[in-house]
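Right, one structure below, let's go through it.
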Amino acid sequence: MTDLFAFDDGTCQQLAEAHGTPCFAYSGTVAEAQFTALRAALPSRVRLAYAVKANPHPALLARFASLGASFDCASIGELGRVEALRLPPGRTFFAGPGKREEELRKALAMGVRVQAEGFEDLARIDALVDRETAVNLRVHPAFDIDEGNRIIGGSGPSAFGVDEEEVPALLMRATALRHVRIRGLHVFAASNQRDASKLLAIHGAVLDLAKRLHQQHGLAFEQIDLGGGLGIPYASGQAPLDVGALGQGLSSLLAAHPWFTGELILEPGRFLAGPTGVYLARVVRLKASRGTRFAILEGGINHLIRPLLTGEPFPVKAVGRGEGALPTTLAGPLCTSLDRLGEVLLPELAAGDLLAFGSTGAYGLNEGMTHFLSHPVPPEIWVGDPLS
Ligand SMILES: Cc1ncc(COP(=O)(O)O)c(C=O)c1O
C-alpha cells in the first residue's frame, strides 16, 4: 500500500510504447488495495464514500463501487457518472457551496443525500420536494488543524458550510420549513493529513460539536460526515497514514459518544485514488540556462497543476535510468514560466527519456488546465489487473 509508483519501470516502458506519451495510467490492483486496507481498518459503523472529484475515471468508480463504496459528488457531472453505476439508493451524497437548481433537482431525483451548505440550500430543497426529506448540514467549524497546503482554508472566512456560530439562528429559521429535516452533520476541515492523531483530533471536535447541537437543539443525527483529507506520501521517507490507528481512534470516539447511534462517514478522495496513478511524459529537450538544468517535457501544468498550487512536486523517476542526483528543473511545453512541475533530483537525461510521476491518480489530469494551449488531452489507461 502507498508505494509512490503504481507501476515498475518495465510496466511504465510497456505502457508508454503501447499508448504513446504523455499519458496517465491507473492501477486497479492498487485501487483495490487502498480501499480494502482502509475498509478493514475502520469500524463497521464508518461508511466510506469516495470523493469523485479526486478522479472520476469510470473504471475507478466501478472498481470502488464493486468493493461497496458510497460516493461523494459535487457537481451534476459527477452525479451523472455515479448514476451510471446504478447503485442502490443511499450510497450517494451531494456537496458543494454553489449548487445550481438543476443540480439540486438531479440529486433529489436520484434520491441522493444532500449536504446543505446554508439556509438557502435548505429552503430551495424544501421548495422542490413534496415529502419529508432528510439532509445533512455542512458546518464550517471554529476549529482547524495546521493545514500546510491550504486546500480547505482553515477556520477563517469560508465559502463552505454555515459558520458554527450561525447554526442556532439557522435552526430557528429551519423550523418554518415544511419537508426538510436536518438528520446529519457534515464537517470537513483537513487536507492531505498523514498524521492519524491530527485527523482524530478534528474528528473528536466534530463529535463534540454534534453532541452540543444534539443536546441544545434536539437534533437527531443519523449521520456524521467527517469529510476527506486522509493523506498520502508524495516523497520517499514520508510515513503513510496509519489506517489502523485511525480505525482504532474512530472506535474509541464512537464508544465515547453513546448518545450517537448513527453512522460516521469518511469521504476520502486522495487516499483512495492518488496511489493508483502514474503520469508518463518524455523529455523533449534539455537546456542549461544560467546555471540551471532544465528538462522540458511533453506535458506540464496542462496535465498536472498540483505542484504549482501547493509548491510540492509529485514524486518522479527517470524510467530505466536508475538513481541520480542532478538538480533538475522540470518545465512543461506551455508558453508561461508558471509551467513547472518541480525542482527535483534526477540522473543524467537525454531527449526522449521517459519520466514517470507517481501518486498522480488524484487531482491529476482532472485538475489540470487541459484547454490551455490546445495540446491534445492525454489518454487515461485503466490497467485493471497486473500486466503479464
Ligand atoms: C466535500 C468534500 N469531500 C471530500 C473531499 C476529498 O478530500 P480528499 O481528497 O482530501 O480526501 C473533498 C475535497 O475537496 C471535498 O470537498
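All ligand and atom numbering here is 1-based and tracks the order in the structure.
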Any N/O of [X] closer than 3.5 Å to an N/O of ligand 1?
| X | result |
| --- | --- |
| N192 | no |
| F188 | no |
| G269 | yes |
| D72 | yes |
| H186 | no |
| R270 | yes |

Apply side chain to side chain contact (heavy atoms under 4.5 Å, CB included) to residues R91 and R47 and explain how you reach the verdict.
CA-CA 9 Å; R91 277 174 61 181; R47 181 202 289 255; 3.9 Å; yes

Between [X] and ligand 1, find which residue part has any heavy-atom pair under 4.0 Å and reply side chain, backbone, both or neither.
| X | result |
| --- | --- |
| F271 | neither |
| K53 | side chain |
| A54 | neither |

[X] heavy atoms, cut-off 4.0 Å: which ligand 1 atoms fall inside?
| X | answer |
| --- | --- |
| E267 | 1 (C), 2 (C), 3 (N), 4 (C), 5 (C), 6 (C), 11 (O) |
| Y363 | 6 (C), 7 (O), 8 (P), 9 (O), 13 (C) |
| A51 | 4 (C), 5 (C), 6 (C) |
| G229 | 7 (O), 8 (P), 10 (O), 11 (O) |
| P268 | 11 (O) |

For Y234, does the six-membered ring have the charged nitrogen or CZ of R306 within the cation-pi criterion, i.e. under 6.0 angstrom from the centroid and within 45° of the normal?
yes

Taking the basic N atoms (NZ, or NE/NH1/NH2) and the acidic carboxylate oxygens, is any pair closer than 4.0 Å for [X] and [Y]?
| X | Y | result |
| --- | --- | --- |
| E102 | K106 | no |
| D121 | R124 | yes |
| R293 | E348 | yes |
| R138 | E117 | yes |

H303-Y279 side chain donor-acceptor pair, cut-off 3.5 Å:
yes

How many angstroms lie between atom CG of L230 and atom CG of L38, to the nearest 0.5 angstrom?
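So the CG of L230 and the CG of L38 are separated by 6.0 Å.
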
Contact between L85 and F71 at the side-chain level, heavy atoms closer than 4.5 Å - yes or no?
yes

